[in-house]
Chemist: 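Below are the structure tokens for one structure; questions will follow.
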Amino acid sequence: MTNPLLQIDDIHVHYGRLAAVRGVSIRVEPGEIVCVVGPNGAGKSTTLLATAGVLSPTRGAIRIGDVPIAGMAPEKVARLGLSMVPEGRHIFGSLTVEENLRIGTYQRTNRRDVELELKRILKEFPVLAERRDTNAAMLSGGEQQQLAIGRALLTGAKILLVDEPSLGLAPMMIERVYDILTGLRDARGMTLLIVEESAERALDVADRIYVMRRGLVELAGTSSELEQGARLQQAYFGFGGEQEDTRVRIGDDSGAANFS
Amino acid sequence: MIAALQILVDALSLGSLYALATLGVGLVFGVLRLANFAYGDFITVASYALIVPTAGATAEIVIGRWPWPLLVAAVVGVVVILSLVSDYLVFRPLRNAKPAVLMVGSFALGYIIQNIIIVVYDGRPKAIGIWPGLGEAIVLGGLRVPTLEILTIVVTFVLLAALVFFLKRSPFGVQMRAASEDFRMARMLGVPANIVIGTAFVISGFLAAVVSLLFLAQIGVVSFNMGVPLMLFAFVATVIGGMGSLTGAVLGGYIVGFASVLLQALLPEELRTFRDAFVFGIIIVILIMRPQGLLMPRAARERV
């Protein structure tokens with residue numbers, strides 16, 4: 001197998017003395033949609049933030065292709081082609097929609113690419129084109145989510161990290177957002193690493209899934225592998241705390257889930 | 001009528017000076033969450049840059065004699081360099097520290113600058129007259145307006161317009177606004193932290209130099225702590241306007257300026273000495289009514 005596009009290799013992340021992530025490994029191949037699921041406090045977002053350069057892992061390595069990025073400044077990670085659609089969207093509310101879209105383009109050298117990409121995004125997200133000059137704070141949650149995705153794409157990203165894209169959105173809008181995300185892979189070959197609270201939705205969209213819990217990867221496998229497992233272990237996928245004895249733990253990211 | 005107009009011009013002029021100083025504080029606070037208490041000392045250094053560094057009792061003016069464009073450029077240069085060096089030596093190593101630590105760092109820096117001035121220039125105040133022509137008044141009907149006040153107001157309006165243009169139209173400006181609102185998010189989208197912070201320090205230093213020259217032209221004396229009261233009023237104005245909002249900073253500056261001038265004019269003679277106590281009293285009332293400041297930017301909420 002060639003090098004994965006993104007490889008997170010046994011990282012540990014601490015908040016002060018509290019270990020939030022304790023040896024997590026995740027790999028993402030080009031053009032894959034990989035979901036990380038798990039209950040609150042599992043360390044999913046922490047893993048994404050460490051990958052984006054906002055947090056420094058205390059141990060372990062992260063690579064984009066062959067380039068080690070663990071501990072690198074977030075703006076440098078961004079320039080290597082990794083972009084974040086964060087939880088809560090973090091739109092710049094006092095900037096216009098277009099300024100938001102352009103914020104990640106100023107460090108790009110090929111201006112023609114930028115303008116073409118901007119045109120394409122405004123075409124794909126008509127709602128953003130309509131409201132190009134309004135303050136982004138005026139957008140609805142779903143519109144802001146689209147803006148956050150468009151903004152991340154305009155950095156020239158090869159990999160999108162998407163943190164809880166459905167949070168706080170109406171069910172219809174969640175559908176739309178996931179259509180957009182899977183469309184990015186189908187139309188542009190985009191690679192996505194998505195953190196999702198709902199295991200069901202993850203099974204729906206992901207090629208492969210990592211289940212995290214208490215700072216560890218508990219389970220990993222392709223969606224179909226996990227789906228079969230999930231039927232057998234419905235209780236597990238409901239994250240029932242009492243079912244812990246039925247859990248299967250795997251040591252690394254071999255990618256194959258081992259259901260016993 | 002004439003008296004009221006006179007007060008209005010005075011208030012606009014003082015408010016302008018405070019607005020510029022407040023912007024200098026507010027820009028850096030916006031991107032770094034740093035309340036830079038050394039800002040007053042940047043203002044002081046700007047004025048001392050005009051004279052030869054000796055401990056002599058009288059000021060030996062060098063740069064202060066240069067034609068005004070050169071003079072302004074030289075002073076701006078000195079303070080901008082001081083501002084950038086401060087960032088590099090003091091604030092950059094503290095970049096991940098808590099805001100309170102940064103603040104204490106800026107206090108320390110301020111005292112160091114003051115003490116260096118005392119060692120090099122001696123602690124006694126020295127008279128420096130720059131631009132004596134500005135003391136003359138322009139007479140309009142019954143109104144006598146010192147040229148310096150007009151200049152202060154005009155310079156402030158021009159700089160405000162330039163700053164708005166920079167922030168709205170230039171790539172740097174847009175990135176600075178984004179960084180002020182959500183620094184971490186901006187960085188995740190590729191906005192370079194050090195360049196944005198450096199730009200904030202450059203503009204902040206530039207404004208300190210301009211404030212210093214306008215202030216010096218008015219008082220005619222340099223002293224090692226001359227910038228401190230300006231810095232204090234600037235901080236108060238920042239808090240009134242809403243920490244982190246630049247429009248709020250300008251508004252806060254003018255409110256403090258107007259309050260000072262109005263109280264000076266309206267207070268009974270025997271209370272005028274205590275004018276600043278009344279100014280701060282009004283400020284406390286404003287803050288009780290609006291503790292978050294008049295204009296509260298979303299960015300001033302917790303930043304993780």
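Quick note on labels: first sequence line is chain A, next is B, and so on, each numbered from 1.
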Chemist: Below 4.5 Å from any heavy atom of chain B, which atoms of A73(A) appear? Answer side chain, backbone, both or neither.
Modeler: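 Contact with chain B is through both the backbone and side chain of A73(A).
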
Chemist: With a 4.5 angstrom heavy-atom cut-off, is it the side chain or the backbone of V77(A) that approaches chain B, or both, or neither?
Modeler: neither

Chemist: In terms of heavy-atom pairs under 4.5 Å, which option from A78(A), G156(A), G53(A), A52(A) contacts chain B the most?
Modeler: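 Highest number of pairs under 4.5 Å: A78(A).
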
Chemist: Side chain, backbone, both or neither: which part of L49(A) has an atom under 4.5 Å from a heavy atom of chain B?
Modeler: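 For L49(A), the contact with chain B is made by the side chain alone.
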
Chemist: Taking side chain as C-beta onward, heavy atoms only, is S83(A) less than 4.5 Å from M188(B)?
Modeler: no

Chemist: Does a donor on one side chain sit under 3.5 Å from an acceptor on the other, for E99(A) and Q175(B)?
Modeler: no

Chemist: So with a 6.0 Å cut-off around CZ of F172(B), is the heavy-atom count from everything else above 12?
Modeler: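 12 or below, so no.
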
Chemist: Looking at T105(A), L95(A), T96(A), which makes the most heavy-atom pairs under 4.5 Å with chain B?
Modeler: L95(A)

Chemist: Considering only heavy atoms, which portion of R151(A) lies under 4.5 Å from any heavy atom of chain B: side chain, backbone, both, or neither?
Modeler: both

Chemist: More than 12 non-hydrogen atoms from neighbouring residues, nucleotides or ligands closer than 6.0 Å to CZ on R111(A), yes or no?
Modeler: yes

Chemist: When you compare the side chain of P192(B) with that of R79(A), does any pair of heavy atoms fall below 4.5 Å?
Modeler: yes

Chemist: Output yes when a side-chain donor or acceptor of E75(A) lies under 3.5 Å from a complementary backbone atom of L189(B), and no otherwise.
Modeler: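 A pair under 3.5 Å: no.
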
Chemist: With a 4.5 Å cut-off on side-chain heavy atoms, are M185(B) and F92(A) touching?
Modeler: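 When only atoms from C-beta onward are counted, M185(B) and F92(A) do touch, with a gap below 4.5 Å.
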
Chemist: Rounded to the nearest 0.5 Å, what separates atom CD in E181(B) from atom CD1 in I103(A)?
Modeler: 10.0 Å

